[in-house]
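Only one structure is covered here, and it is reproduced in the block below.
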Amino acid sequence: MEAIKHRLKSAIAGLSADMNLPVNISMGYALYPDDNSTLSVLITLADSNMYNEKKA
């Protein structure tokens, strides 16, 4: 997941530089079934992880 996150952030940074426009991305993730098997819980965990990432 870290590799995917890094690739997405790099792609967004490239678009930002090409357009001369500041763009930022925030993302969080939760994995099925490792983190939970219920969709609503996975969404809540991913959202929480996104906000934790933004604080870091």
Side-chain angles (χ1 to χ4, degrees):
M1 285 306 291
E2 289 300 315
I4 292 169
K5 183 173 86 171
H6 177 70
R7 288 177 59 192
L8 286 171
K9 284 188 173 190
S10 294
I12 295 296
L15 289 174
S16 176
D18 291 345
M19 296 185 296
N20 197 24
L21 178 70
V23 177
N24 197 354
I25 184 169
S26 298
M27 63 185 115
Y29 61 87
L31 300 175
Y32 170 87
D34 296 338
D35 295 326
N36 204 287
S37 60
T38 306
L39 180 59
S40 61
V41 174
L42 288 169
I43 291 170
T44 300
L45 288 171
D47 194 47
S48 177
N49 288 335
M50 178 188 66
Y51 284 107
N52 289 335
E53 182 72 23
K54 287 175 82 168
K55 290 179 186 176

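Residues: numbered from 1 along the sequence shown. Values below: every heavy atom of this structure, side chains too, minus hydrogens, waters and symmetry copies.
Panel note: side chain Asn36, backbone Leu42; no donor-acceptor pair is recorded below 3.5 Å.
For the atom pair Leu31 CG and Asn49 CG, the distance stands at 9.5 Å (nearest 0.5 Å).
Nearest heavy atom pair, residue Lys9 against residue Met27, reads CG-CE, 3.8 Å. Minimum heavy-atom separation, Ser26 to Lys54: OG-CG, 3.4 Å.
With sequence neighbours excluded, the residues that form a side-chain contact (heavy atoms from CB on, under 4.5 Å) with Leu39 are Ile43. In this structure Ser10 satisfies the side-chain contact (heavy atoms from CB on, under 4.5 Å) test together with His6, sequence neighbours excluded.
Follow the hydrophobic side-chain contacts under 4.5 Å out from Ile12 and you reach Ile4 in the same cluster.
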